[in-house]
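Atom set for the values below is all heavy atoms of this structure, side chains included, hydrogens, waters and symmetry mates excluded.
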Amino acid sequence: MTLVPRLSQAARARLAKLANRQLTVGEWRAQAAIPLTPDEIEHTLALVHWFRRRYPTAAARLAYVRRAYARWQRTALPPSQSGQ
């Protein structure tokens, strides 16, 4: 069994504030300028290859996105509950 750490409401609020903050253009450019590592490139390409095998046509990809979007809409918290 994997233990999941419990975060306090204050810790959750701090994390949400950090995760949802707007980056400045300079901050974004600094992050975007960091090159991907060989492992990140390999992992990304593996995901792309898997996705293209699983959904080989544009129609299959669009159908997946429509199903996923509907699922995300059903499970999304209202803005008042998601910390926004």
key: Enclosure of Gln9 CD (heavy-atom neighbours >12, cutoff 6.0 Å)   =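 For Gln9, atom CD is not crowded (no more than 12 foreign heavy atoms under 6.0 Å).
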request  = Would you indicate whether Arg6, at its atom CZ, is surrounded by more than 12 heavy atoms from other residues, nucleotides or ligands within a distance under 6.0 Å?
outcome  =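 12 or below, so no.
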inquiry  = Rounded to the nearest 0.5 Å, what separates atom OG1 in Thr57 from atom CZ in Arg52?
reply    =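 Between atom OG1 of Thr57 and atom CZ of Arg52 there are 11.5 Å.
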key: Point-to-point distance, once rounded to the nearest 0.5 Å, from CG of Leu7 to CZ of Arg14   =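 One finds 9.0 Å between CG of Leu7 and CZ of Arg14.
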task = Please say which of Arg67, Arg71, Gln73 ends up in a side chain to side chain donor-acceptor pair (under 3.5 Å) with Tyr69.
result =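 Answer to the side chain to side chain donor-acceptor pair (under 3.5 Å) test with Tyr69 among Arg67, Arg71, Gln73: Gln73.
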inquiry  = Could you walk me through whether Phe51 and Arg61 satisfy the side chain to side chain contact (heavy atoms under 4.5 Å, CB included) test, starting with their C-alpha distance in whole Å, then the side-chain angles of each, then the deciding distance to 0.1 Å, before giving a yes or no?
reply    = CA-CA 9 Å; Phe51 188 81; Arg61 294 173 194 149; 3.8 Å; yes
Hydrophobic cluster partners of Leu36 (side-chain heavy atoms under 4.5 Å) =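 Ile41, Leu45, listed by chain and number.
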task = Check for a donor-acceptor pair, side chain of Glu40 on one end and backbone N or O of Thr37 on the other, with a separation under 3.5 Å.
result =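 Between the backbone of Thr37 and the side chain of Glu40 there is a qualifying donor-acceptor contact (under 3.5 Å).
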inquiry  = Please verify the inter-ring angle class for Tyr64 with Tyr55; under 30° counts as parallel, over 60° as perpendicular, anything in between as tilted.
reply    =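 Plane angle between 30° and 60°, so tilted.
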Pairing residues for Arg21 by the salt bridge (Lys or Arg N to Asp or Glu O under 4.0 Å) criterion, not counting sequence neighbours =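 Per chain and number, Arg21 pairs via salt bridge (Lys or Arg N to Asp or Glu O under 4.0 Å) with Glu27.
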